[in-house]
Amino acid sequence: MIRTRFAPSPTGQLHIGGARTALFNWLFAKHHKGSFVLRIEDTDRERSRDEYTRGILDGLAWLGIAHDEGPFFQSTRTELYTEHALRLLREGHAYKCYCSVEELEEKKKRALKEGQKPSYDRTCRDKTGEQPDKPYVIRFKTPLSGTVAFHDLVRGEISFQCDELDDLIILRTDRTPTYNFTVVVDDALMGITHIIRGDDHINNTPRQIVMYEALKFTVPRFGHVPLIHGKDRARLSKRHGATSLLEYSDDGFLPEALMNYLARLGWAHGDDEIFSKEELIEKFDLPNVGKSPAIFDMDKLLWLNDHYIKSLPVELIAERLTPFIAALGHTADPVKLIQIIRNLQGRAKTLKEMAQMARFFFGEEIEYESAAKAKFLTPAARPILERFLNDFRELPSLDEASQRLLVETITKDYGKKLVDVIQPIRVALSGKVASPGIFEVIDILGKDVVERRIERAIASIA
RNA sequence: GUCCCUAUCGUCUAGUUCGGCCUAGGACACCGGCCUUUCAAGCCGGCGACUCGGGUUCAAAUCCCGAUGGGGACGCCA
């Protein structure tokens with residue numbers, strides 16, 4: 001059975017790149033009827049924070065990615081790593097290194113200056129004898145020669161010369177394990193069959209493979225997916241806008257849209273653009289993943305979000321929109337809310353924007369946009385509004401046909417165009433020059449509110 | 001500096017495995033038109049790319065080599 005994992009470190013928010021890696025792992029596992037494991041790599045105790053772990057968990061849940069096993073925390077598994085590190089030491093695959101941080105820093109600087117690669121010079125590799133009073137780290141004995149090659153599931157053959165690799169620290173002075181070691185131990189012990197991760201890990205792969213071999217573990221398959229870049233073609237970071245997954249939630253994006261977008265970043269299935277979660281599981285596979293980095297394109301995400309706002313069931317949109325309405329200080333009548341959404345679908349690209357647009361449907365007082373008032377709430381418009389108000393009071397029904405007849409009659413009587421009558425009304429009711437269809441607005445607002453707002457608009461002209 | 005990865009419209013990509021069906025397809029964005037009570041949406045149309053140079057071949061976006069561009073990695077971070 002295929003087993004994949006997502007192994008973030010809780011040293012920051014779950015960002016778009018991480019989320020996509022998680023998504024690919026999850027889709028790959030689901031596609032092959034396998035299992036998806038979540039593991040939190042919190043071996044850096046300085047920088048790991050519980051709030052980030054929570055953020056990662058919440059983010060994945062929001063996106064709709066559910067892990068089958070875990071979350072496992074590396075901080076609870078330290079004995080395991082120590083045990084295997086000691087085993088390597090015993091079997092001659094690792095050694096104690098007494099070099100101090102300062103010495104190493106010095107050596108590196110010198111090497112770089114002389115145009116050499118800044119890797120560890122293996123001073124302690126062949127030293128014999130203990131130095132009981134000195135602190136030490138345990139380093140892995142990387143083979144000195146030969147090549148390490150592997151078949152990458154998205155890139156094909158990749159090989160490295162062993163002399164490019166240096167002897168990595170696997171246990172720190174304080175006996176805590178380091179990343180390249182824990183990842184090997186855990187992936188092996190957890191039975192991970194396919195490691196799908198960002199291509200920034202390609203360089204780590206040969207180092208890890210030699211450890212798998214020394215530990216006599218089965219080497220898993222690797223697939224390195226390209227990183228996501230910002231507009232400047234550099235790795236995505238804070239300055240590229242919303243980078244935490246949950247920020248997209250707060251900004252009014254739908255998880256359906258984000259999942260669809262993320263999946264299409266670096267992966268394609270012919271010319272298809274729209275994929276439900278089920279379709280993604282059915283169609284996703286590693287051979288279709290591209291090799292070059294993709295640039296995050298907000299416009300396309302917005303387009304997809306817009307698409308899902310229009311196509312998901314209104315009830316679902318209502319449920320998702322409610323918190324945004326609440327954030328603006330309003331509560332919506334469920335029936336009315338559905339009506340409002342139907343009129344705003346196709347106009348708003350995000351839930352946040354939709355709530356903003358829906359604002360005038362709520363509350364008693366509305367504010368006029370100054371440009372709108374200046375242009376349409378004019379002395380010239382006053383008689384039209386008065387006439388409308390007068391006739392509207394007598395209107396027996398708010399259905400579109402009755403309303404249309406009324407507005408058209410006024411238009412004809414004044415020798416105007418439809419737009420000349422409707423715009424002042426629109427501003428009177430919404431405060432803005434742009435709104436959903438005016439008859440729909442009137443219907444949603446209801447007779448009383450319409451009358452009061454027209455009265456107020458007339459009074460405002462004065 | 002060294003190593004590794006990568007290269008089709010502005011962006012995401014199809015096509016590359018098995019060279020001809022590619023005068024390179026789709027989508028986003030952009031521009032124009034239609035529709036129209038505003039704004040959107042929708043519909044129709046337009047702009048727009050095989051990084052470059054050598055090969056191989058009757059034929060190359062597709063295969064080979066090189067250059068260049070871009071990215072990543074070189075931590076007692078993950």
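Reckoned from all heavy atoms, side chains included, excluding hydrogens, waters and symmetry mates. By convention in this document, chain letters (A, B, ...) are assigned in the order of the sequence lines, proteins followed by strands, and residues within each chain are numbered from 1.
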Can you find an N or O donor on one side and an acceptor on the other, under 3.5 Å apart, linking the side chain of A/R347 with the base of B/C39? yes
Paired with B/A73: which nucleotide, if any, by Watson-Crick or G-U wobble criteria at under 3.5 Å for both distances? B/U2
To the closest 0.5 Å, what do you measure between CG (A/L304) and CG (A/D297)? 10.0 Å
Is there a donor-acceptor contact under 3.5 Å from the side chain of A/H31 to the main chain of A/E282? yes
Side chain of A/L104 (C-beta onward), nearest among B/C76, B/G1, B/C3: B/C76
Regarding A/D306, tell me which of base, sugar-phosphate or nothing describes its non-hydrogen contacts under 4.0 Å with the strands shown. nothing
Pick the closest RNA chain B nucleotide for A/R139 and for A/D199 by heavy atoms, then say which residue is nearer the 5' end. A/D199
Sugar-phosphate, base or nothing in reach of A/C162, heavy atoms under 4.0 Å: nothing
Which part of the nucleic acid, if any, lies within reach of A/P118 when heavy atoms closer than 4.0 Å are counted: base, sugar-phosphate only, or nothing? base
Can you tell which of B/G71, B/C74, B/U37 lies closest to the side chain of A/H229? B/G71
Check every strand shown and say whether A/I438 touches a base, only sugar-phosphate, or nothing at a heavy-atom separation below 4.0 Å. base
From the options B/U8, B/C77, B/C3, select the nucleotide whose nearest atom is closest to the side chain of A/E164. B/C3
How about A/H201 and A/Y179: are their ring centres within less than 6.0 Å of each other? yes
Taking B/G72 as the reference, what is the distance to B/C77 when you measure between their C1' atoms (whole Å, please)? 16 Å
Ranking B/C74, B/C12, B/C39 by distance to the side chain of A/L265, first place goes to B/C12
Rounded distance (Å) that lies between atom C1' of B/A78 and atom CZ of A/R47: 7 Å
Under a 3.5 Å cut-off for both distances, is B/U57 Watson-Crick or wobble paired, and to whom? none
In terms of side-chain heavy atoms of A/D299, which of B/G72, B/A29, B/A7 is nearest? B/A29
Work out how far the C1' atom of B/U56 is from that of B/G33, and round it to whole angstrom. 49 Å
Exercise: identify the closest heavy-atom pair between A/K108 and A/P118: CG-CB, 3.4 Å
It should be established whether A/T43 places a side-chain nitrogen or oxygen under 4.0 Å from OP1 or OP2 of nucleotide B/A78. yes
Provide the distance between the two P atoms, one in B/C12 and one in B/C50, to the nearest whole Å. 16 Å
Have a look at A/T11 and say if it touches a base, only the backbone sugar-phosphate, or nothing, with a 4.0 Å heavy-atom cut-off. nothing
B/G70 versus B/C52 - spacing of their C1' atoms, nearest Å: 15 Å
Opposite nucleotide pairing with B/G10, Watson-Crick or G-U, both atom distances under 3.5 Å: B/C28
Are any of A/R172's side-chain N or O atoms less than 4.0 Å away from OP1 or OP2 of B/A78? yes
Across the strands shown, which category fits A/E273 at heavy-atom distances under 4.0 angstrom: base, sugar-phosphate, nothing? base
Hey, is the side chain of A/K310 poking within less than 4.0 Å of OP1 or OP2 on B/G42, counting only N and O atoms? yes
Measure NZ/A/K417 against C1'/B/U36 and give the value in whole Å, please. 13 Å
For atom C1', what is the distance between B/A29 and B/U13, given to the nearest Å? 14 Å
Heavy atoms only, 4.0 Å cut-off, all strands: where does A/P436 land among base, sugar-phosphate and nothing? base
Got a donor-acceptor pair under 3.5 Å from the side chain of A/K300 to the base of B/A27? yes
Are the side chain of A/D42 and the backbone of A/Q74 linked by a donor-acceptor contact shorter than 3.5 Å? yes
Once you apply a heavy-atom cut-off of 4.0 Å, does A/D420 come out as touching a base, just sugar-phosphate, or nothing? nothing
In whole angstrom, give me the gap between the C1' atoms of B/C5 and B/G46. 38 Å
Can you confirm whether or not the ring centre of A/F6 sits under 6.0 Å from the ring centre of A/W26? no
Between B/C58 and B/G53, how far apart are the C1' atoms? Round to whole Å, please. 23 Å
Counter-base of B/G42, judged by Watson-Crick or G-U geometry with both distances under 3.5 Å: B/C34
What's the CG-P distance between A/L262 and B/U11, to the nearest Å? 19 Å
Could you tell me whether A/F296 and A/H15 have their ring centroids closer than 6.0 angstrom? no
pair_partner(B/A67), Watson-Crick or wobble, both distances < 3.5 Å, evaluates to B/U51
Gap in Å between the two C1' atoms, one belonging to B/U8 and one to B/G26, rounded: 13 Å
From OH of A/Y308 across to P of B/A41 the rounded distance in Å is 19 Å
So, does A/R264 get its side chain near the phosphate of B/C28, meaning an N or O under 4.0 Å from OP1 or OP2? no
Do A/D271 and B/G25 have a side chain to base donor-acceptor pair shorter than 3.5 Å? yes
A/L168 CG to B/C77 P: how many Å, rounded? 12 Å
To check you understand the geometry: which heavy-atom pair defines the closest contact between A/L171 and A/I169, and what is its length? O-CG2, 3.4 Å
Could you tell me whether A/Y261 contacts a base, only the sugar-phosphate backbone, or nothing, with contacts defined as non-hydrogen atoms closer than 4.0 Å? nothing
Length of the NZ-P vector between A/K107 and B/G1, whole Å: 25 Å
In whole Å, what is the span from the CG atom of A/N305 to the P atom of B/A41? 14 Å
What about A/T173, does its side chain sit under 3.5 Å from the base of B/C76 through a donor-acceptor pair? yes
Candidates B/C28, B/C12, B/C4 - which lies nearest the side chain of A/I295: B/C12
Of the candidates B/C12, B/U37, B/A78, the side chain of A/D44 sits closest to B/A78
Which part of the nucleic acid, if any, lies within contact of A/G266, taking any heavy atom under 4.0 Å across all strands shown: a base, the sugar-phosphate backbone alone, or nothing? sugar-phosphate
Between A/Y120 and A/I202, whichever has its closest RNA chain B nucleotide further toward 5' is A/I202
Among the nucleotides B/A78, B/A73, B/C5, which one has an atom lying closest to any side-chain atom of A/N203? B/A73
Please determine if a side-chain N or O atom of A/K108 lies less than 4.0 Å away from the OP1 or OP2 oxygen of B/G75. yes
What is the distance from CG of A/D232 to P of B/G70, rounded to the nearest Å? 13 Å
Here's a test for you: under salt bridge (charged side-chain N to carboxylate O under 4.0 Å, His left out), which of A/K96, A/R122, A/R139 qualifies with A/D167? A/R122
Is there a donor N/O on one and an acceptor N/O on the other, under 3.5 Å, for the side chain of A/R426 and the base of B/U37? yes
Please confirm whether the shortest side-chain N or O distance from A/R235 to OP1 or OP2 of B/A73 is below 4.0 Å. yes
side-chain hydrogen bond (donor to acceptor under 3.5 Å, both in side chains) assessment of A/R342 paired with A/Q339: CA-CA 5 Å; A/R342 285 215 166 90; A/Q339 263 184 302; over 6 Å; no
